[in-house]
Amino acid sequence: MIVSPCNAPKLSAKRLRNALVTGSALFCLFGAGQLWAFSLDDVSAKAKELAGQKYEAPRSNLPNEFREMKFADYQKIRFRNEKAEWADQNTPFKLSFYHQGMHFDTPVKINEVTADTVQEIKYDPTRFDFGDVKYDPKSTEQLGYAGFRVLYPINTPDKQDEIMTMLGASYFRVVGKGQSYGLSARGMAIDTALPSGEEFPRFTEFWIERPKPGEKQLVIFALLDSPRATGAYRLTLRPGTDTVVDVKSQMFLRDKVSKLGVAPLTSMFLFGANQPSKVLNYRRELHDSSGLSIHAGNGEWIWRPLNNPKHLSVSNFTIENPRGFGLLQRGRDFSHYEDLDDNYDKRPSAWIEPEGDWGKGSVDLVEIPTADETNDNIVAFWSPAELPKVGEPLDISYRLHWTMDEKALHPADSAWVKQTLRSTGDVKQSNLIRQPDGSVAYLVDFEGPSLKALPADAAVRSQVSVGDNAEIVENSVRYNEHTKGWRLTLRMKIKDAGKPTEMRAALVQDIPQPEPEKASTQVIKADKLLAKQHEKQAKKEAKEAKEAKEAKDAKEAKDKEAKQPEAAPATPLSNPEPAKTEHVLTETWSYQLPADE
């Protein structure tokens, strides 16, 4: 029924006031739900405000029994999964939390974001099983969470698996379906591997959106703080066979830094086929990542096998607008690792896919000596050539892939390095016995669609360059029927073993280019000369026919015609060798033999 103002029932003043108050409250409630939304802008405002303030170092609130505990005791503190956040909600995502302990001595603030509220998730000691750890229950009253895990049924529908962990500084690790935790990503790196010492920014506060029923992504906001920088981040987690994290960030410098690491990755390399273990080990390889892969802005692909050097090593790859880079675990055969406990064959690769143009800069690789696999000794990151001024924002966005399908990163018409094998250089003697000749040998297997499509007798050759510290004594390429690719064998004699040696190689093929048919220049000139002679002779004959009526004149005209020069015959040109175009078949293998190896 529609009520017009004319016949509307009259309301008392009191009832009218109550109606207005109720309507106003409902408007605020529904209006807030529709108009209010927590966003990256809210976190960026906090980061910018922090950057303008003096840095305040976090203070530990840990009692001695938690600060001095060993790792084995810290592992005894287990989260009760039945008390996970959103355990009673109809959502596939759940949250569990890390307790403070050891060097995780400072709590982080964790908030839940809903459609109309932001509320802190308070620390609750009853969510943990402390096992046989001896402690005073009262000492935990003022503690907090050190970090959190994201749970999701990624492998089977009836089991909540960890797919993401946030713990320590700005580190986080992610896995996809069937993967095991391996390398880490970070929010920011500052002055990595510089003599001044590295600064480790830390996430101090998180805001996590409560997912809706059936939602397939989880949105996490994070505030980063450090003595010389702050940052605001939005991480959108999308679990799957390859789990993806979309990162959108805004960074602020509160003071000058020498080197800013953007989208940093941290991994471990102890030994591998390119750098075998010095101690007898049943495992052929032991690493979270086997190499650094770079897709440069000019389209070139670069593969840098990792090392565990005796001395700190830093490599810089100058690039403009990178298309991607990452630390990859190439080689998924269990036989490469033979480890029944740590599952190195299932550890994911991490690939950074920039959004937009990042400008000029470099992909930096840091390799740090380590004696065991418990230390992360590999760091890779993007270092922009130009840093923002203090207080001005640096906007960086990228997609982070966690994958075991490294081949899918490459285009369908390319080829890549399957493996790099190191050996003692030798020469086969007349008696068929191999005799070491003081050289070092590298065997590089290339494989991929561009090579598989070629016949086994294709004219594939190598492009190789080495630095001044090496002399190439063998450079050969042969077809590998087992991989349907080609194997490059390089033997080099190192001049000074105390210096590192750089080397680069790729496989190429010469493609003949047919020359378009062109008329000979001499033939063209001869044709023109003959045409002019014919025209001149025709005019002369017409004049002489008109003036001469007697046979003598006709005879003289005939004699003159006979004396006209003939056109010079065209000289045939020799056929030059057709021009060739060099076609690059593979990515570039870029390796550094460490000093003192």
inquiry  = Would you say NZ of Lys256 has more than 12 non-hydrogen atoms from neighbouring residues, nucleotides or ligands within 6.0 angstrom?
reply    = no

ask   = Hey, is Asp191 close enough to Lys259 for a salt bridge, meaning N to O under 4.0 Å?
value = no

task = Would you mind checking if Glu198 and Arg186 are paired as a salt bridge, meaning a charged N to carboxylate O distance below 4.0 Å?
result = yes

request  = Please report the closest heavy-atom contact between Leu40 and Phe221, naming both atoms and the distance.
outcome  = N-CE2, 3.5 Å

Presence of salt bridge, Arg461 and Asp510, under 4.0 angstrom = yes

query = Would you call Glu49 and Arg254 a salt bridge, taking side-chain N to carboxylate O under 4.0 Å as the test?
reply = no

ask   = Near Lys407 NZ, under 6.0 Å, is it more than 12 heavy atoms from other residues, nucleotides or ligands?
value = no

ask   = Can you find a side-chain donor-acceptor pair between Ser335 and Asp333 that sits under 3.5 Å?
value = no

request  = Take Phe334 and Tyr337, measure what ring-ring contact (aromatic ring centres under 6.0 Å, His included) needs, and give me the verdict at the end.
outcome  = CA-CA 6 Å; Phe334 175 75; Tyr337 309 97; 8.1 Å; no

key: Cationic N near anionic O, under 4.0 Å, Glu587 to Arg504   = no

task = Just do the side-chain hydrogen bond (donor to acceptor under 3.5 Å, both in side chains) check on His336 and Asp345 with the steps written out, would you?
result = CA-CA 8 Å; His336 288 197; Asp345 55 309; over 6 Å; no

ask   = Are side-chain N/O atoms of Asp405 and Thr403 paired as donor and acceptor at under 3.5 Å?
value = no

ask   = Backbone N or O of Ala189 within a donor-acceptor pair of the Thr192 side chain at under 3.5 Å?
value = no

query = At their closest point, which heavy atom of Gln592 faces which heavy atom of Ser313, and how far apart are they?
reply = OE1-OG, 3.0 Å

ask   = Taking everything shown except Glu355 itself, do over 12 heavy atoms lie less than 6.0 Å from its CD?
value = no

task = Ignoring hydrogens and angles, state whether a donor on the side chain of Thr266 or Asp376 is under 3.5 Å from an acceptor on the partner side chain.
result = no

message = Assess whether a salt bridge exists between Asp242 and Lys177, defined as any Lys/Arg side-chain N lying under 4.0 Å from an Asp/Glu carboxylate O.
response = no

inquiry  = Salt bridge check, Lys495 against Glu471: does any charged N sit closer than 4.0 Å to a carboxylate O?
reply    = no

ask   = With the threshold set at 4.0 Å, does a side-chain nitrogen-carboxylate oxygen contact exist between Asp445 and Lys418?
value = no

key: Under 3.5 Å: donor-acceptor pair, side chain of Ser277, backbone of Val279   = yes

inquiry  = Do the side chains of Lys310 and Asp596 get close enough for a salt bridge, i.e. N-O under 4.0 angstrom?
reply    = no

message = Strictly below 4.0 Å, N to O, side chains only: are Arg283 and Glu338 in salt-bridge contact?
response = no

key: Audit row: Trp486, Tyr479, ring-ring contact (aromatic ring centres under 6.0 Å, His included) steps and yes/no   = CA-CA 4 Å; Trp486 267 259; Tyr479 180 70; 5.0 Å; yes

message = Would Arg332 and Glu406 count as a side chain to side chain contact (heavy atoms under 4.5 Å, CB included) here? Give the steps.
response = CA-CA 10 Å; Arg332 293 288 172 186; Glu406 292 76 21; 2.6 Å; yes

ask   = Do the side chain of Asn274 and the main chain of Leu421 share a donor and acceptor less than 3.5 angstrom apart?
value = no

request  = Could you tell me whether Glu474 and Arg491 have a side-chain N and a carboxylate O separated by less than 4.0 Å?
outcome  = yes

N-O pairing of Arg422 and Glu597 below 4.0 Å = yes

